[in-house]
K.L.:
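I am attaching a structure below and will ask some questions about it afterwards.
The first residue of the sequence shown is numbered 1, and numbering continues consecutively from there. Keep in mind that the numbers below use all heavy atoms, side chains included, and drop hydrogens, waters and symmetry copies.
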Amino acid sequence: MKSHKSIECLIPCKLSEIDSARQIISIEIDALTVLHNQLDVNFVHACDAILSCQGRLIITGMGKSGLVGRKIAATMASTGTPAFFVHPGEAGHGDLGMIVKGDVVLAISNSGNSDEINVLLPVIKKLDLPLISITKNLSGRLAQEADVALTLGDFEEACPMGLAPTSSTTATMVLGDALAIALLEARGFKSEDFALSHPAGALGKKLLTHVSDLMKSGEEIPLVTGNTSIIEALFEITEKRLGMTVVVDDKNRYGVLTDGDIRRLLTTNQDMSQPIASVMKTAPITTSPDIKASKALDIMRQKKVNQLIVLDNDALVGVLALRDLVQAGIN
């Protein structure tokens with residue numbers, strides 16, 4: 001196998017391409033600096049309009065502006081601001097019915113003269129919907145008719161021909177992020193709220209999954225009495241497949257016996273017909289059904305056990321196994 005060095009020697013070194021990339025990045029950084037420096041009170045007005053919205057934030061834009069708008073809508077929706085994207089062309093052919101009184105419209109157009117968006121303006125006004133615009137400057141029709149006009153500022157596109165949206169789409173994306181996070185902070189949006197819209201993600205599982213969601217309960221619990229023989233307990237462990245059994249004595253005190261315990265007993269030639277109470281572990285490690293599963297996992301790691309008995313007001317309600325936490329993606 002060739003080394004990385006030998007592979008690199010086969011690839012022509014084109015420093016000019018690296019220099020070009022760095023120049024493009026510098027141009028886009030300069031565009032963000034312009035955006036940063038020219039933010040004004042209109043940003044506050046835009047936030048206020050969205051915060052007071054009784055409906056949804058409707059985001060629209062054509063072409064590359066539309067693609068950025070979709071991302072902004074997704075970020076808004078996942079951070080506490082109900083939002084969705086409406087394609088302006090489709091809106092003009094029926095999808096405008098998705099927009100109702102109480103909504104706020106955020107329209108994106110670099111020039112401010114997108115025909116597909118401008119044809120919607122009379123309807124937006126007729127519905128008396130607050131209109132926020134994002135344009136490069138205030139010269140276009142969209143900015144002039146908007147209730148709140150946000151501008152990106154005067155900068156060059158990174159495209160050397162000045163044709164492909166590059167710096168402008170980057171600045172629009174960043175402005176959308178700034179709006180979303182400002183709204184998040186104003187709403188007091190917490191990680192638990194974020195998890196509600198991301199239940200399938202790692203954070204959602206960590207914050208939303210509780211012991212009660214994963215524990216074995218009812219007849220799934222391996223359970224024997226203290227006078228059960230060790231060999232009979234082994235049958236219960238094998239049948240329930242949790243690698244242990246809970247033991248309850250005549251005073252409703254709990255203990256545990258694991259398959260590892262039984263293997264160790266076999267190596268010492270113990271009488272397997274003796275009552276399990278004589279060899280079980282007393283004072284087992286327990287947890288509550290209401291705590292987060294991630295917290296239960298921390299307990300398992302700290303105590304170096306693979307199962308926890310779940311008690312609710314000192315009553316046995318379940319058994320939580322490490323393998324169930326792993327299968328659920330809790331880490």
Side-chain angles (χ1 to χ4, degrees), residues 31-32 34-53 55-73 76 81 83-159 161-180:
L32 295 181
V34 171
L35 172 65
H36 174 276
N37 292 337
Q38 60 92 54
L39 281 179
D40 57 19
V41 71
N42 283 309
F43 184 86
V44 178
H45 294 329
C47 289
D48 289 343
I50 298 171
L51 286 169
S52 61
C53 172
R56 297 79 42 85
L57 175 63
I58 311 300
I59 300 177
T60 189
M62 194 69 190
K64 304 298 187 296
S65 294
L67 295 174
V68 174
R70 290 180 186 275
K71 189 273 178 187
I72 294 173
M76 290 283 187
T81 298
F84 64 87
F85 178 83
V86 173
H87 191 285
E90 298 296 332
H93 293 275
D95 281 3
L96 201 59
M98 299 166 67
I99 306 174
V100 298
K101 285 186 177 295
D103 291 341
V104 172
V105 177
L106 171 60
I108 306 169
S109 170
N110 190 48
S111 68
N113 289 312
S114 168
D115 291 337
E116 292 84 358
I117 292 179
N118 286 342
V119 75
L120 306 179
L121 296 181
V123 180
I124 293 172
K125 291 296 183 182
K126 186 175 181 61
L127 291 173
D128 196 26
L129 305 180
L131 174 62
I132 303 168
S133 66
I134 295 180
T135 58
K136 187 165 188 177
N137 52 51
L138 298 174
S139 62
R141 178 185 171 189
L142 176 60
Q144 292 173 6
E145 295 201 21
D147 298 293
V148 181
L150 299 176
T151 56
L152 303 176
D154 187 16
F155 49 75
E156 64 176 308
E157 295 284 6
C159 170
M161 296 177 292
L163 299 176
T166 45
S167 303
S168 57
T169 49
T170 298
T172 304
M173 186 86 74
V174 171
L175 182 56
D177 287 343
L179 277 170

K.L.:
Taking all non-hydrogen atoms of both residues, which atom of Arg56 and which atom of Ile99 are closest, and how far apart?
P.N.:
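Closest pair (atom of Arg56, atom of Ile99, distance): NH2-CA, 4.4 Å.
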
K.L.:
Taking side chain to side chain donor-acceptor pair (under 3.5 Å) as the test, write out the residues that go with Asp177, two or more places apart.
P.N.:
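So Asp177 forms a side chain to side chain donor-acceptor pair (under 3.5 Å) with Lys71.
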
K.L.:
How many angstroms lie between atom CG of Leu57 and atom CD1 of Ile50, to the nearest 0.5 angstrom?
P.N.:
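Between Leu57 CG and Ile50 CD1, I get 5.0 Å after rounding to 0.5 Å.
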
K.L.:
Give a yes or no on whether the backbone of Met62 and the side-chain of Ser114 come within a donor-acceptor separation of less than 3.5 Å.
P.N.:
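Side chain of Ser114 to backbone of Met62, a donor-acceptor pair under 3.5 Å: no, none is there.
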
K.L.:
Is it true that Asn137 and Ser139 share a donor-acceptor pair across their side chains at a distance under 3.5 Å?
P.N.:
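A donor-acceptor contact under 3.5 Å links the two side chains.
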
K.L.:
Tell me whether Thr135 contacts the main-chain N or O of Ala143 through its side chain, where contact means a donor paired with an acceptor under 3.5 Å.
P.N.:
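The answer is no, because no donor-acceptor pair under 3.5 Å joins these two groups.
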
K.L.:
Between the side chain of Ser65 and the main-chain N/O of Gly61, is any donor-acceptor distance below 3.5 Å?
P.N.:
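Not confirmed, Ser65 side chain does not pair with Gly61 backbone.
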
K.L.:
Dump the intermediate steps for side chain to side chain contact (heavy atoms under 4.5 Å, CB included) on Phe84 and Ile59, then the final yes or no.
P.N.:
CA-CA 6 Å; Phe84 64 87; Ile59 300 177; over 6 Å; no

K.L.:
Do any N or O atoms from the side chain of Asp103 and from the backbone of Val100 form a donor-acceptor pair under 3.5 angstrom?
P.N.:
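Answer holds: yes.
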
K.L.:
Quick check for you: to the nearest 0.5 Å, what is the distance between Ile72 atom CD1 and Thr81 atom OG1?
P.N.:
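If I round to the nearest 0.5 Å, the distance is 12.0 Å.
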
K.L.:
Nearest 0.5 Å, what's the CG-CG distance between Asn110 and Leu142?
P.N.:
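One gets 11.0 Å once the value is rounded to the nearest 0.5 Å.
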
K.L.:
Checking the side chain of Lys136 only, and the main-chain atoms of Phe155 only, is there a donor and an acceptor separated by less than 3.5 Å?
P.N.:
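Checked: pair present.
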
K.L.:
State, yes or no, whether a side-chain contact exists between Arg70 and His87 at a heavy-atom distance under 4.5 Å.
P.N.:
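When only atoms from C-beta onward are counted, His87 and Arg70 do touch, with a gap below 4.5 Å.
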
K.L.:
Decide yes or no for Gln144 and Leu138: does some side-chain heavy atom of the first lie under 4.5 Å from some side-chain heavy atom of the second?
P.N.:
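No; the side chains remain at least 4.5 Å from each other.
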
K.L.:
For side chain to side chain contact (heavy atoms under 4.5 Å, CB included), just list the numbers for Ile132 and Leu150, CA-CA rounded to whole Å, side-chain angles, deciding distance to a tenth of an Å, and then say yes or no.
P.N.:
CA-CA 7 Å; Ile132 303 168; Leu150 299 176; 4.1 Å; yes

K.L.:
His36 and Val34: side chain to side chain contact (heavy atoms under 4.5 Å, CB included), yes or no, with the steps?
P.N.:
CA-CA 5 Å; His36 174 276; Val34 171; over 6 Å; no

K.L.:
Identify each donor-acceptor pair in which a side-chain atom of residues 38-47 lies under 3.5 Å from a protein atom, sequence neighbours left out, and give them as a table.
P.N.:
residue, atom, partner, partner atom, Å
Gln38, OE1, Thr151, OG1, 2.8
Gln38, NE2, Thr151, O, 2.7
Asp40, OD1, Asn42, N, 3.0
Asp40, OD1, Asn42, ND2, 3.4

K.L.:
Working to the nearest 0.5 Å, report the span between CG of Leu179 and CG of Leu106.
P.N.:
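Spacing of CG (Leu179) from CG (Leu106) equals 7.0 Å.
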
K.L.:
Just grab all the side chain to side chain donor-acceptor pair (under 3.5 Å) pairs involving residues 121-134, residues at least two apart or on different chains.
P.N.:
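Listed by first then second residue: nothing to list.
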
K.L.:
Do the side-chain N and O atoms of Ser168 and Glu157 include a donor-acceptor pair separated by under 3.5 angstrom?
P.N.:
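Glu157 and Ser168 do have a side-chain donor-acceptor pair below 3.5 Å.
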
K.L.:
Nearest heavy-atom pair of Ile117 and Thr60: which atoms, and what distance?
P.N.:
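Residues Ile117 and Thr60, closest heavy atoms: CD1-O, 4.4 Å.
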
K.L.:
When you compare the side chain of Leu175 with that of Leu152, does any pair of heavy atoms fall below 4.5 Å?
P.N.:
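Sidechains of Leu175 and Leu152: in contact.
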
K.L.:
Apply side chain to side chain contact (heavy atoms under 4.5 Å, CB included) to Asn118 and Asn113, showing your working.
P.N.:
CA-CA 7 Å; Asn118 286 342; Asn113 289 312; 4.3 Å; yes

K.L.:
To the nearest 0.5 Å, what is the distance between CG on Leu32 and CE on Met173?
P.N.:
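Rounded to the nearest 0.5 Å, the CG-CE separation comes to 11.5 Å.
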
K.L.:
If you take all heavy atoms of Ser167 and Ala158, which pair is closest and at what distance?
P.N.:
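Minimum heavy-atom separation between Ser167 and Ala158: OG-N, 3.0 Å.
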
K.L.:
Roughly how far apart are Leu131 CG and Leu121 CG, rounded to 0.5 Å?
P.N.:
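Interatomic distance, Leu131 CG to Leu121 CG, rounded to 0.5 Å: 6.5 Å.
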
